[in-house]
Asker: 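Before we start, here is the structure in question, set down as structure tokens.
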Amino acid sequence: MAPPVTRILPVSPEAIAEAARLIEAGQPVAVPTETVYGLAADATNGEAVARIYAAKGRPSFNPLIVHVSDLAAAKRIGAFDNAARELAAEHWPGPLTLVVPIRPGAGIASLVTAGLETVALRVPAHPAMQALLAQTRKPLAAPSANTSGSISPTRAEHVAASLGGRISLILDGGPCERGIESTIIAATGGALRLLRRGPLQIDAVEAPGDIIEAPGQLASHYAPSKPLRLDATEALPSEYLIGFGPVAGRSSLSATGNPIEAAARLFDLLHTADAAPEPRIAVAPIPGEGIAAAIRDRLTRAAAPR
Ligand code: AMP
Ligand code: MG
């Protein structure tokens, strides 16, 4: 596919409508928020979420923040206890992300949570992101709009320098007000835990040394409970084989060898294999660079002895 020509449009009703059209077509769009520019895609569409990773060139899958228009929309996706509700009521819309248990059947693609049973939710304050949420009526997964390893973009020009030629639209809303990523708090096990420091000072969790789960660390990553063998071209009798391309398997990440489709199905099939009667999982080779390499990275970690 030819690389997209990246348009930069100042935020306007027409530009929001164009962004919504792209989101509905499964494409990621760069959008200003009050923290940093996000690369937003429909969180209910696994292939759209896979295209975020492809554009960013992220070497692995981390759970993404899901942006919604208000607390009511957040509650349809996640289960809020009293403490989470209070924080949301106090700080939303704003630069606070809450990690809460996901509601089964909420429709969020498993690639968004990287297979976890929790989901990170935020109600952004920025009018452009709010307008896009209203127009699409979709929850939007959005990590920072930069290629992997570069610093977070706080202006449309930063996004263009990093993702130009990789995405088709950047909404230009000027510089971001906060310029740093949201504060992340988990409200999952009855207690609040600070996962990432950010623009908000939240007394309930801000004691020094309180960060228990640094972002991106193993504790926040799903791995199947069964042993996993990589690069398998056929199944041993004890194995549930996840196929790809020419290796059929019991079920396939992508029969046509399409890595975007494979990324979208990865965590669903790992869960399926984990629940199957076979005591072991095997996965076909996933050749290629970019998103295929991100899939291999995830599988290699899942295969590592624990
Ligand atoms: P970014 O979208 O790039 O700002 O990063 C999102 C951050 O949220 C990452 O550091 C993730 O580790 C964290 N995060 C998202 N979802 C979860 C979750 N379900 N559990 C724990 N951390 C999460
Ligand atoms: Mg980032």
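Order of listing sets the numbers, starting from 1, for every ligand and every atom in it.
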Asker: Under the side chain to side chain contact (heavy atoms under 4.5 Å, CB included) test against Ser182, which residue among Thr97, Leu96, Leu98 passes?
Answerer: Thr97
Asker: I'd like to know whether Leu299 forms a side-chain contact (heavy atoms from CB on, under 4.5 Å) with Leu266, so could you lay out the CA-CA distance, the side-chain angles of the two residues, the decisive distance to 0.1 Å, and finally the verdict.
Answerer: CA-CA 9 Å; Leu299 289 170; Leu266 177 64; 3.9 Å; yes
Asker: Can you sort out which atoms of ligand 1 are near Leu116, meaning under 4.0 Å from one of its heavy atoms?
Answerer: 18 (C), 19 (N), 20 (N)
Asker: Please work out whether any backbone atom (N, CA, C, O) or any side-chain heavy atom from C-beta onward of Thr113 is under 4.0 Å from ligand 1, and answer side chain, backbone, both or neither.
Answerer: neither
Asker: Do other residues, nucleotides or ligands put more than 12 heavy atoms under 6.0 Å from the CD atom of Glu234?
Answerer: no
Asker: Could you tell me whether Glu181 and Arg122 make a salt bridge, using a distance below 4.0 angstrom between a side-chain N and a carboxylate O?
Answerer: no
Asker: Could Glu24 and Arg21 be called an ion pair, given the rule that one side-chain N must be under 4.0 Å from one carboxylate O?
Answerer: no
Asker: Hey, looking at atom 5 (O) of ligand 1, which of Glu181, Arg196, Arg122 has the closest heavy atom?
Answerer: Arg196
Asker: Please check if Ile286 and Ile281 belong to a single hydrophobic cluster, counting links between Ile, Leu, Val, Met, Phe, Trp and Tyr side chain heavy atoms closer than 4.5 Å.
Answerer: yes
Asker: Say you draw a straight line from CD1 of Ile184 to CD1 of Ile202; how long is it, rounded to the nearest 0.5 Å?
Answerer: 11.5 Å
Asker: In terms of heavy-atom contacts, does CZ of Arg229 have more than 12 from other residues, nucleotides or ligands at under 6.0 Å?
Answerer: yes
Asker: Which ligand 1 atoms are under 4.0 Å away from a heavy-atom of Pro143?
Answerer: 2 (O), 3 (O)
Asker: Need the ligand 1 atom indices (1-based, order shown) with element for anything under 4.0 Å from a heavy-atom of Ile184.
Answerer: 7 (C), 8 (O), 13 (C)
Asker: Taking only heavy atoms of Leu195 into account, list the atoms of ligand 1 that are under 4.0 Å away from them.
Answerer: 21 (C), 22 (N)
Asker: Under 2.8 Å from the Mg ion (ligand 2), which protein N, O or S atoms are there? Could you list them by chain and number?
Answerer: Ser144 OG
Asker: Looking at Thr118, which atoms of ligand 1 are within less than 4.0 Å of one of its heavy atoms?
Answerer: 18 (C), 19 (N), 20 (N)
Asker: Run the contact test for Arg58 against ligand 1 with a 4.0 Å cut-off on heavy atoms, strictly below, and give the result.
Answerer: yes
Asker: Could you note down all residue pairs passing side chain to side chain donor-acceptor pair (under 3.5 Å) where residues 44-55 supplies at least one of them, sequence neighbours left out?
Answerer: Asp42-Thr44
Asker: Atom CZ of residue position Arg58 - does it have more than 12 heavy atoms of other residues, nucleotides or ligands inside 6.0 Å?
Answerer: yes
